Amino acid sequence: MKSAKSSNRNIQKVTLTRDPSLTDREFCERVIDTIRSYGLGELANAGNNGRGIAKINKAIADSKLGDSIVLAFDFDWSAVGTYNVPVPYAARLALCLFIPRAKQLETIGDFEEKLNTVWIPTCGPRVGRVVCIWHAVWSMAGIIRFGVMAGFVDRITRAFGW
Amino acid sequence: LGELERSVLVAIIHLQGRGYAVSIADETSRRLNKSVSLGAIYGTTDRLEKKGFISSRLGDPTPERGGKPKRLYRIEAPGECALSEIRQRDRRFWADVSPLGETA
């Protein structure tokens, strides 16, 4: 398990159409939502590096109010800093014990994304891995707790016809 | 529907079919103003899927996930119905009450 920063440039193109009815603020929120939903990582990470934010701001500044235009900008992961660290085995074990087999791969992927985009950039590789294990165990405990509670409430609700 | 289930449904609508566990957890945390663990999101989406309120499909893999796909969620008609019912009930509940809690 190496914790080196990825050397390859992962440039992702995001195309947005600026609706004329949107204000600058609303459009900015749309850009941020899109970046998040495309899995390009937390904006907080982009905020750690001025170049990421500068690119977003430039894209917004270049767009015109009242026009319906298409924006295309590249999000350069090497400017933000990406890692390619796999989820630790202890975390994988915790996840695989409580997640159905059909959903295990995506679940490990979710934790890997958090590990590489939030926990390692924030805490460093070693502590990031510990945080990942902690979150995996805590999340699995949450699944059990939530499942038991929700099942109980469902049964009561059905029994009394509420 | 509980508060978390409701928030997850709203987050899924907001993310317009591109919502997956991490983005749904972020959006739900922002709306509820408290941190929500991924485990809570897995439990909730499982239950909502069993109830037929949402459906899921596998999305494209991305580099920061080590090439693993995302499970993308979208809302279905029963989920939309349940949410609008809750909205109408809330509206009726607060109909005669002013924001300061005095009767209108």
Side-chain angles (χ1 to χ4, degrees), chain A residues 6 8-10 12 33-45 77 80 82-87 94-95 98-100 102-118 120 134-151 153-154 157, chain B residues 1-8 10-31 34-51 53 56-74 82 89:
Chain A
S6 93
N8 58 325
R9 283 163 61 89
N10 290 315
Q12 182 106 23
D33 279 351
T34 309
I35 288 168
R36 279 184 177 158
S37 62
Y38 271 79
L40 296 181
E42 300 285 322
L43 191 73
N45 289 343
W77 264 106
V80 177
T82 56
Y83 296 83
N84 290 319
V85 180
V87 174
L95 295 173
F98 297 102
I99 297 282
K103 291 186 175 176
Q104 283 174 1
L105 194 64
E106 304 93 84
T107 309
I108 293 172
D110 291 334
F111 276 84
E112 196 155 329
E113 182 181 331
K114 284 286 247 185
L115 176 69
N116 289 318
T117 60
V118 182
I120 288 185
W134 165 254
H135 272 275
V137 172
W138 184 243
S139 288
M140 295 312 106
I143 285 186
I144 298 167
R145 207 176 57 229
F146 186 80
V148 169
M149 266 173 56
V153 170
D154 267 4
T157 310
Chain B
L1 287 176
E3 189 192 27
L4 186 60
E5 288 177 318
R6 216 181 301 178
S7 310
V8 167
V10 172
I12 289 171
I13 291 176
H14 178 76
L15 294 165
Q16 298 175 343
R18 295 194 304 267
Y20 62 106
V22 176
S23 60
I24 293 170
D26 289 345
E27 184 61 28
T28 310
S29 303
R30 193 178 66 81
R31 284 177 187 274
K34 63 181 179 190
S35 73
V36 177
S37 75
L38 284 173
I41 299 297
Y42 296 134
T44 310
T45 48
D46 257 8
R47 280 168 52 76
L48 290 172
E49 212 170 357
K50 276 180 195 155
K51 287 179 183 176
F53 288 177
S56 69
R57 65 180 172 89
L58 287 181
D60 294 329
T62 52
E64 73 276 7
R65 298 169 63 86
K68 296 173 189 72
K70 295 172 186 169
R71 186 164 285 277
L72 302 170
Y73 292 96
R74 55 168 289 176
R89 203 187 307 156

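Nothing here was measured: the structure is a model prediction, and the numbers come from that model. We name chains A, B, ... by the order of the sequence lines, and we start the count at 1 in each one.
Applying side-chain contact (heavy atoms from CB on, under 4.5 Å) to B:Arg47 and the options B:Glu49, B:Lys51, B:Lys50 leaves one that passes, B:Lys51.
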Q: Start with the C-alpha distance between A:Glu112 and B:Lys68, add both sets of side-chain angles, then the distance that settles side-chain contact (heavy atoms from CB on, under 4.5 Å), and finish with yes or no.
A: CA-CA 9 Å; A:Glu112 196 155 329; B:Lys68 296 173 189 72; 2.8 Å; yes
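Not a single donor-acceptor pair under 3.5 Å links the side chain of B:Ser29 to the backbone N or O of B:Ser35.
Using a 4.5 Å cut-off between heavy atoms, A:Ala102 contacts chain B through its backbone alone, with no side-chain atom that close. With a 4.5 Å cut-off on non-hydrogen atoms, B:Leu58 touches chain A through its side chain but not through its backbone. B:Leu4 touches chain A through its side chain: at least one heavy atom from C-beta onward sits under 4.5 Å away, while N, CA, C and O do not. Heavy-atom distances place both the backbone and the side chain of B:Thr44 under 4.5 Å from chain A. In this structure, no portion of A:Leu95 lies under 4.5 Å from any heavy atom of chain B.
A salt bridge is absent between A:Glu113 and B:Lys70; no separation between the charged side-chain nitrogens and carboxylate oxygens falls under 4.0 Å. Taking a cutoff of 4.0 Å between a charged side-chain nitrogen and a carboxylate oxygen, B:Arg6 and B:Glu3 do not qualify as a salt bridge.
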